[in-house]
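Comments concern the structure below.
Excluded from the calculations below are hydrogen atoms, water molecules and symmetry mates; all remaining heavy atoms, backbone and side chain alike, are included.
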Amino acid sequence: MKKTVLITGTSSGFGKAAARHFAREGWNVVATMRRPEEERELGQLDGVLVARLDVQDRTTIAAAMEAGIARFGRIDALVNNAGFGLFGLFETTTPEKIAEQFEVNVFGVMDVTRAVLPHFRQNKGGVILNISSGAGIFTLPMLSLYCASKFALEGFSEALAYELASQGIVVKIIEPGGVISTNFGQRSGVESALNGTLADYDAFVAHTLGVFAGLRAARLATEESVAQVIYDAATDGTGRLRYLATEDIKPLVSARRETSEENYIAFMRARFAPKT
């Protein structure tokens, strides 16, 4: 029997690339998004069901799960991909946007995961792949809220993995950095434009934007290469927890995990502190 994966946030980016990749590999795919009526590509692929799922609306989560099971008989893997990044100064970000960041990136993942668990327990197995970020390992300025949400996701995923192992369910974390082909940065840019500015931060912001421009220039990965990592993690049959999905973040991950706290902080401050 063909296996089935349910993926959230498939209207673009990693989610859409993953939906295409799983379909090419012969899986059934429940490709979910907030506005399925606007999707023109995925519904034309064999074995792909496009369904509405808004991670902030639990009724749509349940409906998408039911539709996927009704169409394909079962769900074998869940990819929690839906998310976005707030970019900007913490001080100028509204409480409403902060709440939305966590509602989507953390509480939405929890709600989708909770919805699939009875089905996985009934099947005595399943794989949950949570799309995190390098920003769930190390922190970056002007991404404090995104980092906070991804740090929360990492902690939740790791602890949950211990619980679900008792049920034959595997939890995995995918950690990409920046890629050249996703529109994630465009969404972050729109969110940033909604925030106000404070003149006191101008020098810091200008310097930080310059550093980020250099990081963007170093990106080599694509959303398709990240989709390959997601697929490999779903199918490798191991209990491995974390997968680094892009090369660009490896120096920062190494600094965080393989050096002392003092050396790591000095390394990061040297990059992001404006020259005086």
(request) Give a yes or no answer on whether the side chain of Thr10 reaches the backbone of Ala19 with a donor-acceptor pair at less than 3.5 Å. (result) no
(message) Within this structure, what is the CG-CG distance for the pair Asn28 and Leu49, rounded to the nearest 0.5 Å?
(response) 9.5 Å
(message) Is any side-chain heavy atom of Leu6 closer than 4.5 Å to one of Met65?
(response) yes
(message) Does any part of the side chain of Lys172, heavy atoms only, come nearer than 4.5 Å to the side chain of Leu241, both counted from C-beta?
(response) no
(request) Could you tell me whether the side chain of Asp232 reaches within less than 4.5 Å of the side chain of Val229, counting heavy atoms only? (result) no
(message) Taking Asn263's backbone N and O only, do any of them form a donor-acceptor pair with Glu261's side chain (distance below 3.5 Å, no angle check)?
(response) no
(message) Any donor-acceptor pair under 3.5 Å linking the side-chain atoms of Asn80 with those of Thr113?
(response) yes
(message) Counting only heavy atoms not in Arg257 (residues, nucleotides, ligands), do more than 12 fall under 6.0 Å from its CZ?
(response) yes
(message) Quick one, Leu164 with Ile128, criterion side chain to side chain contact (heavy atoms under 4.5 Å, CB included). Give me CA distance, side-chain angles, the key distance, then yes/no.
(response) CA-CA 10 Å; Leu164 297 187; Ile128 298 169; 3.8 Å; yes
(request) Quick one: sort the Trp27 and Phe22 rings into parallel, tilted or perpendicular, breaks at 30° and 60°. (result) perpendicular
(request) Apply side chain to side chain contact (heavy atoms under 4.5 Å, CB included) to Val30 and Thr32, showing your working. (result) CA-CA 6 Å; Val30 186; Thr32 73; 3.9 Å; yes
(request) Report yes or no: does Thr60 contribute a side-chain atom to a donor-acceptor pair with the main-chain N or O of Arg52 at less than 3.5 Å? (result) no
(request) Could you check if a side-chain atom of Met1 sits within less than 4.5 angstrom of a side-chain atom of Arg74, using non-hydrogen atoms only? (result) yes
(message) Could you check whether Lys2 pairs with Glu25 (Lys NZ or Arg NE/NH1/NH2 to Asp/Glu carboxylate O, under 4.0 Å)?
(response) no
(request) Determine, for Glu103 against Arg58, whether the closest basic-nitrogen to carboxylate-oxygen distance falls under 4.0 angstrom. (result) no
(message) Quick one: does any side-chain atom of Glu39 pair with a main-chain N or O of Met33 as donor and acceptor, under 3.5 Å?
(response) no
(request) Tell me yes or no: between the side chains of Tyr243 and Asp236, is some donor less than 3.5 Å from an acceptor? (result) yes
(message) Is it the case that the side chain of Ser166 and the backbone of Tyr162 share a donor-acceptor pair, with hydrogens and angles ignored and the cut-off at 3.5 Å?
(response) no
(message) Within the 3.5 Å criterion, strictly below it, is a donor on Asn130 or Ser157 matched to an acceptor on the partner's side chain?
(response) yes
(request) Assess whether side chain to side chain contact (heavy atoms under 4.5 Å, CB included) is satisfied between Glu223 and Lys16, documenting all intermediate values. (result) CA-CA 9 Å; Glu223 54 199 22; Lys16 191 164 197 171; over 6 Å; no
(request) State the OG-CD distance between Ser132 and Glu154, to the nearest 0.5 angstrom. (result) 3.5 Å
(message) I need the minimum non-hydrogen distance between Ala255 and Tyr264, along with the two atoms involved.
(response) O-CB, 3.5 Å
(message) According to a hydrophobic-cluster definition based on side-chain heavy atoms being under 4.5 Å apart (Ile, Leu, Val, Met, Phe, Trp, Tyr only), do Ile265 and Leu140 belong together?
(response) yes
(request) Taking Ser149 for its side chain and Tyr146 for its backbone only, find out whether a donor-acceptor pair lies under 3.5 Å. (result) yes
(message) When you compare the side chain of Leu78 with that of Leu129, does any pair of heavy atoms fall below 4.5 Å?
(response) no
(message) Ring centroids only, cut at 6.0 angstrom: are Phe138 and Phe267 within range, meaning strictly under it?
(response) no
(message) In this structure, would Phe102 and Phe151 fall into the same cluster of hydrophobic residues linked by side-chain contacts under 4.5 Å?
(response) no
(message) Applying side chain to side chain contact (heavy atoms under 4.5 Å, CB included) to Arg242 and Glu175, what does each step give before you reach the verdict?
(response) CA-CA 7 Å; Arg242 288 184 168 87; Glu175 297 163 333; 3.3 Å; yes
(request) State, yes or no, whether a side-chain contact exists between Val179 and Val226 at a heavy-atom distance under 4.5 Å. (result) yes
(request) Give a yes or no on whether the backbone of Lys3 and the side-chain of Asp76 come within a donor-acceptor separation of less than 3.5 Å. (result) no
(request) Please examine the side chains of Phe90 and Ile98, heavy atoms only from C-beta on, and report whether any two atoms are closer than 4.5 Å. (result) yes
(request) Ignoring hydrogens and angles, tell me if any N or O in the side chain of Asn81 forms a donor-acceptor pair with the backbone of Gly9 under 3.5 Å. (result) yes
(message) Measuring only between side-chain heavy atoms, which start at C-beta, is Val171 closer than 4.5 Å to Glu163?
(response) no
(request) Give a yes or no on whether the backbone of Gly178 and the side-chain of Asp248 come within a donor-acceptor separation of less than 3.5 Å. (result) yes
(message) With a 3.5 Å distance limit and no angle check, can you tell me whether Asn123 reaches the backbone of Gly125 through a side-chain donor-acceptor pair?
(response) no
(message) I'd like to know if Val50 and Phe14 are part of one continuous hydrophobic network [Ile/Leu/Val/Met/Phe/Trp/Tyr, side-chain heavy atoms within less than 4.5 Å].
(response) yes
